[in-house]
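The residues of the chain are indexed from 1 along the displayed sequence.
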Amino acid sequence: MADVEVASDLAGGGGSVEGTGLSKTITLTETEKRVFDILLETAEKRGPPGLVVRAAGGWVRDKLLGRPSDDVDIVVDLSSGEAFAQLVSCYMGETSQSGCSRIGVVKQNPDQSKHLATACFTVCGLSLDVNHLRTETYTAESRIPQVSIGTASEDAHRRDFTINSLFYNLNTRSVEDFVGSGLEDLRLGRIRTPLPQSETFEDDPLRMLRAVRFAARLGFEVDEEIVSAAREPRMAQLLESKVSRERVGLEVDKMLSGGGGGGRIVRALELFEALGLVEAIFMPAEVLEAHASCKGQAPLQASDLFPDGIGRARRALALLGEGATKLDARAAAFAALLSPWGSLSYMEKKRKRPLIHCVLRGGLRLPNDIAELVPAILEAASALLPLPAAGEVLQAGRRLQVGRTLLAVKEHWPSALALAAVLSAAGTVSDEDVRRSFTEAKAWVDTSGLTGCWEWKPFIDGKRLMEPPFSVPRGKRLGTLIETQLRWRMEDPALDAAACEQRLLAEEGGSGGTASLQPSA
């Protein structure tokens, strides 16, 4: 689709963007132009006189940075968000314009972050959230604000960071910077708060984590005053007392789900340490209590993880490269960071489990897939050591061990291999030597015939085993012989169906009985 450029003079306290390196225009796509025209026509023909429509926050920021944005927050005055959305829907119907979805409304609810009713709908495929301009007040007990109708300036100043406080006025086609520093901070690549930092974080401590996320995502620097405020001991306490573990985990997971060779993830880890957030994130009360359930373990300390964990994660993510999936990247980052706790346990329903599972599942409320995968990757990394070299011929027992390890982590084995390469390297080993070790080991696995072993089927399936010449009765022995075939295939890459059949016949003529293929729990 062709873009339509709309000139954007600056209003409010921002002045000109001449020389800033930012775009001096908001460049609208054809869809955005059509939607904004519909909103303006609705305001002018159906709304109260003087109604102003603005795009807000992240959409404005991303547009000025030249980044795509597929959803828009709209704020209006003189009307509620729901009422204005209904006007848009009616106007499009009356003028025979298609493309307006049903309107969903998030009502005021003291248990949710958004108190003021928000109308959510799509127009011509563009997702819109519509609100009245608002202002917020907080209590000492909760990060959930009390919301009331506000002015454009009050709405801008209530936002988390100056770069998110900008408006695009649809009526005047201008960018508005009511806090007076949003455009400058966007130009300088700086994360700052519209209000004093301590006040901002006391109101909503989650904003400390959001500062990390935006800085890592955009490649911005966090203002020193934010760093100083976040490092005050009471801030970490407020993060634990006022913010649910689900919200903490959601922010952390977003940060550690980046790509690009892991640069964003590493930057986020660096900022966790710089802002003094390590204990609040990874050592909440739930984790400390779980750790204490197994006696005799060394005490948990933030220094177990930082700063060395940053270097481990950086190396592991660099080895995986940009082709790593988001799941593999975050699993490798968590595994590298938390590896010093790999041998620690906790009791869950009278059963020992890896403490790292509790850190991720209990402490950060992350999905079970990542909470299970990270300890598995750590265990697999240990089992892969010493790493095989390219062209090395391994004995059958060692091949079987490698095969079982791949079976345990399946398609995520490169993450385990990268972590093994990192953990096996002493501090003085260069990045080049670590990469060489990883590359040689990966080449061995790629040519070993073991990749994809988690999808293997037996050469002789159960039905055939019950028929002559095998005539194996239904029962445990049948399953054992199926597993045995997979074990033989791991030990001998040259094994084919005919050779497997001969070995099975010989096996049935001997003493029988084989060990399970599955790795121990």
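Between F220 and F214, the closest side-chain pair of non-hydrogen atoms is not below 4.5 Å. Between S148 and R134, every side-chain heavy-atom pair lies at or beyond the 4.5 Å cut-off. At a threshold of 4.5 Å between non-hydrogen side-chain atoms, the residues L51 and S79 count as touching. Considering only heavy atoms from C-beta on, M235 comes within 4.5 Å of S198 through its side chain. Side-chain contact between V266 and I310 is present, with at least one heavy-atom pair separated by less than 4.5 Å. Residues I226 and T193 form a side-chain contact, since some pair of their non-hydrogen atoms from C-beta on lies under 4.5 Å apart. Put simply, the side chain of F161 does not reach to within 4.5 Å of the side chain of R192, judged on heavy atoms. Using a 4.5 Å cut-off on side-chain heavy atoms (C-beta onward), F272 and M255 make contact.
For E246, the CD atom counts as densely surrounded, since its 6.0 Å shell holds more than 12 non-hydrogen atoms of other residues, nucleotides or ligands.
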With side-chain contact (heavy atoms from CB on, under 4.5 Å) as the test, would you mind laying out the steps for V53 and F84 before giving the verdict? CA-CA 10 Å; V53 184; F84 183 70; 3.9 Å; yes
Hey, mind stepping through L384 and W413 against side-chain contact (heavy atoms from CB on, under 4.5 Å) and telling me if it holds? CA-CA 10 Å; L384 287 169; W413 65 265; 6.0 Å; no
Going through the distances and angles, do D308 and R315 end up as a salt bridge (Lys or Arg N to Asp or Glu O under 4.0 Å)? CA-CA 11 Å; D308 292 347; R315 280 183 160 180; over 6 Å; no
Steps toward salt bridge (Lys or Arg N to Asp or Glu O under 4.0 Å) verdict (E184, R190): CA-CA 9 Å; E184 178 72 0; R190 180 172 59 191; 5.2 Å; no
Apply side-chain contact (heavy atoms from CB on, under 4.5 Å) to the pair I26 and L64, showing each step before the final yes or no. CA-CA 6 Å; I26 289 288; L64 289 170; 4.0 Å; yes
Between L317 and L319, is a side-chain contact (heavy atoms from CB on, under 4.5 Å) present by the stated rule, with each step listed? CA-CA 5 Å; L317 291 166; L319 293 177; over 6 Å; no
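With respect to the salt-bridge test (charged N to carboxylate O, under 4.0 angstrom), the residues E176 and R54 qualify. A salt bridge does not link R67 with D62: none of the charged nitrogens is closer than 4.0 Å to a carboxylate oxygen. Salt-bridge annotation for R143 and D203: absent, with no side-chain N of the basic residue lying under 4.0 Å from a carboxylate O of the acidic one. With salt bridges taken as basic N to acidic carboxylate O contacts below 4.0 Å, none links R159 and E136. Using a cut-off of 4.0 Å between Lys/Arg side-chain N and Asp/Glu carboxylate O, R207 and D160 are scored as not salt-bridged. Between R245 and E240 there is no salt bridge, since none of the side-chain N atoms of the basic residue sits less than 4.0 Å from a carboxylate O of the acidic one. Residues R435 and D431 are not paired through a salt bridge, judged by the lack of any N-O separation under 4.0 Å between the basic side chain and the carboxylate. Using a cutoff of 4.0 Å between basic side-chain nitrogens and carboxylate oxygens, R314 and E270 are not scored as salt-bridged.
The line from CD of E251 to CD1 of I281 is 10.0 Å long, rounded to the nearest 0.5 Å. Taking CG from L186 and CD1 from I163, the interatomic distance works out to 6.0 Å, rounded to the nearest 0.5 Å. Going from atom CD of Q197 over to atom CD of E224 covers 11.0 Å, rounded to the nearest 0.5 Å. Atoms CG and OG1, from D155 and T135 in turn, are 8.0 Å apart once rounded to the nearest 0.5 Å. Between F36 atom CZ and T31 atom OG1 the span is 11.0 Å, to the nearest 0.5 Å. In this structure, CE on M92 lies 6.5 Å from OG on S98, to the nearest 0.5 angstrom.
The main-chain N or O of T27 is found under 3.5 Å from a side-chain atom of K63 such that the two form a donor-acceptor pair. Between the side chain of E379 and the backbone N or O of A376, no donor-acceptor pair lies under 3.5 Å. S101 places no side-chain N or O within 3.5 Å of a backbone atom of F121 that could act as its donor or acceptor partner. Checked by atom type and distance alone, the side chain of S244 pairs as donor or acceptor with a backbone atom of R247 at under 3.5 Å. A donor-acceptor distance shorter than 3.5 angstrom exists from the side chain of T42 to the backbone of I38, with no hydrogens or angles considered. Side-chain atoms of N171 do not come within 3.5 Å of backbone N or O of V52 as any donor-acceptor pair. Although no hydrogens or angles enter the test, the distance criterion places a donor-acceptor pair under 3.5 Å between the side chain of T29 and the main chain of E32. In this structure a side-chain-to-backbone donor-acceptor pair under 3.5 Å is present from K242 to E202. Remark: the backbone N or O of A274 is paired with a side-chain donor or acceptor of R231 at under 3.5 angstrom.
Residues S89 and I103 come closest through the heavy atom pair CB-CD1, 4.0 Å. Listed here is the closest heavy atom pair of P340 and L305: CD-CD2, 4.3 Å. What you find for A380 and T405 is that their closest heavy atoms are CB-CG2, 3.4 Å. Shortest non-hydrogen contact noted between L170 and L40 is O-CD1, 3.3 Å. Across all non-hydrogen atoms, the minimal contact from R361 to P367 is NH1-CA, 3.7 Å. The nearest pair of heavy atoms linking G363 to P284 is CA-CG, 4.1 Å.
Side-chain contact, R312 with S339: a donor N or O sits under 3.5 Å from an acceptor N or O. A donor atom on one side chain and an acceptor atom on the other are not found under 3.5 Å apart for D129 and T118. Between D185 and T162, the side chains place a donor N or O and an acceptor N or O closer than 3.5 Å (distance only, hydrogens not considered). Looking at T95 and Q97, their side chains do bring a donor and an acceptor atom within 3.5 Å of each other. Y138 and Q146 form no side-chain donor-acceptor contact under 3.5 Å, judged by distance and modelled atom types alone.
None of L250, V359, L256, L360 except one satisfies the side-chain contact (heavy atoms from CB on, under 4.5 Å) rule with L366; the exception is L360.
Relative ring orientation between F334 and F282 is described as perpendicular, the plane-to-plane angle rising above 60° on a 0-90° scale split at 30° and 60°.
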